[in-house]
Amino acid sequence: MDRSVRWKVTAPYSSSMRLAHLILLLLYFHLSSSRSTPASGPPQEDLVEQKCLLRNYTHHSCNKVFCLPWQKCIEGTCICKLPYQCPKDGTPVCATNGRSYPTYCHQKSFECLHPEIKFSNNGTCTAEGKFNVSLIYGNTKREGIVQVKLVDQDEKMFICKNSWSMTEANVACLHLGYPQGARGIKRRFNIPISLRINDTECLHVRCRGVETSLAECTFTKRRTKTPHGLARVVCYTQDADFPTSQSFQCVNGKHIPQEKACDGVNDCGDQSDELCCKECRGTAFHCKSGVCIPNESKCNGEVDCITSEDESDCEEGRQRKIHKGLARSDQGGETEIETEETEMLTPDMNSEIKRIKSLLPKLSCGIKRNTHTRRKRVIGGKPAEMGEYPWQVAIKDSGKITCGGIYIGGCWILTAAHCVRPSRYHNYQVWTALLDWLKPNSELAVQRVSRVIVHEKYNGATYQNDIALIEMRKLPGKKECELPRSIPACVPWSPYLFQPNDSCIVSGWGREKGNQKVYSLRWGEVNLIGNCSQFYPGRYYEKEMQCAGTSDGSIDACKGDSGGPLVCNDINNVTYVWGIVSWGENCGQPEFPGVYTRVANYFDWISYHVGRSLVSQHNV
Ligand code: 4AZ
């Protein structure tokens, strides 16, 4: 049986037919309740990454996506912020339940905390007729042609099919009280002949997919008459679901045809079909983090991929073109052609979200003052120049440089647990802006240490959790640490920011080939290595460690580099501390790459100790 036929049912579907269908399917397929591994039938398509699916990522998983501006990221999950954390200024809104809020952010934050409030209908603010959505001409109440009545309009109106996608359909179904959104938008309904003609007036609607009510989407009316149909929808209910071993199971329990996973369209409603993709179908855009986004999200002026590449390499003008149809009419010249044809009928929540996003705090880290980079090669490395590694520090223990460290902001240095002992804190010094310890430069500054925190699960035998924090002492009378010439490296908040084969930089004062002593800071370019268990069977822990090296082993960290940085630059040239030099069998041998502590795995541990605001770049 061809699954595309089975899912694209378009004729009216009676309940007895449905029952017969279900029995047949049950006979033919062994139903697996497991989300990722069907017990029988063909394996899931190669586009989807099975190991990732087990993590049950959704639109609330901040390892994969940005949280909404009224949410923040705690331990990998977006949770609701409190309304008072919203920006104060903005336009007052009246929600469909009749409640009024000072701004849209306040509404969404309140709704996020109390989802049931949306259906309460106990407010008083919509005096001139409420916003309303209904489905007509369907066989059941959960399906039909979509009709809306906008707040300022007397008449119910239809929505044009060419503006209608699963994104809008999911919002419409949520609006109508179907928590898993839409099942499809293709079923045909018997509509009166008078509606079948092409010039039936209809509205255009555009949702972002974050709305819980169609009233939050942007409605426009176009003056041009183009052939169109009317938007239709079947909302999803569990009892009308026909899972097969070939369907994709969303985290919210809904089943979708497998060919709709990784197509850039949020068919699940919780985005779980787009978050574990090795590649994307059709024109969808593949983020390095394994997320598929619609092609229209590329170069639209808003970053969607956590790795930002959807907004890099954009031709000038592309942004305008895509947003034309949605642009506010008061935005003037840019939208000249389209604004002649379109009329905004509802408040523009889209630009309100953009505005709230732009007001979120921004962290300054990982951006060097002089940005010239030289691509040359610790073992096999090259000497560093002043200002090239402004996050690199040296740790001196009783007068000797024993390890490296990484400045991450405030008074905090990240290093390896095997480099330090909490009880010895008074023996340590942090040297910043140091290049050559035989010929100390004038910029060099020496900091004393007030505290050392070693990871509670550090295992000195296996080098698991080889991570520690050093808190530097503030000078008397000062509120902050002052580190001239030092710039913090950013702390990666997601394990998906960098991938195997990405090129990164290791730096330190460690030994050169032949165990030669090194006095000046050196650096070298290495690639991140996946599947490192093959080199270190039984000793490599994927979640906590990261291998890096070169194919010939010519560049590597070595004795003395421990605790120092492995940094990677994102597409905007922002530097992240991806690894901490930890261990390795010998140095410079291709069969034994250097092993680093995978810093992203410790984001919550770090932010717990140093304070969330010091290291959170996004999702705050
Ligand atoms: C060390 O002894 C050491 N080649 C650090 C890194 C590596 C080996 C040894 C990786 O500190």
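Start at 1 with the first residue, then count along the sequence. Numbering of ligands and ligand atoms starts at 1, following listing order.
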Task: Minimal non-hydrogen separation, Met386 against Arg485, with atom names - done: CG-NH1, 3.9 Å
Task: Basic-acidic side-chain contact under 4.0 Å: Glu542, Lys51 - done: no
TODO: Kindly confirm or rule out a cation-pi arrangement of Lys254 over Phe248, judged by NZ or CZ under 6.0 Å from the six-membered ring centre and within 45° of its axis?
DONE: no
Dump all N/O pairs between ligand 1 and the protein below 3.5 Å as a table: atom names plus distance, one pair per row.
from, atom 1, to, atom 2, distance (Å)
ligand 1, 4 (N), Asp556, OD1, 3.3
ligand 1, 4 (N), Asp556, OD2, 2.8
ligand 1, 4 (N), Ala557, O, 2.8
ligand 1, 4 (N), Asn586, O, 3.0
ligand 1, 11 (O), Ser562, OG, 2.7

- [ ] Assign the ring pair Tyr389 / Trp523 to parallel, tilted or perpendicular, where the plane angle (0 to 90°) is split at 30° and 60°.
- [x] tilted
TODO: Using atom types as modelled and distance alone, determine if a side-chain donor or acceptor of Ser494 lies under 3.5 Å from a backbone N or O of Asn63.
DONE: yes
TODO: For Cys276, check side chain to side chain contact (heavy atoms under 4.5 Å, CB included) against everything at least two apart and list the hits.
DONE: Cys52, Leu53, Tyr57
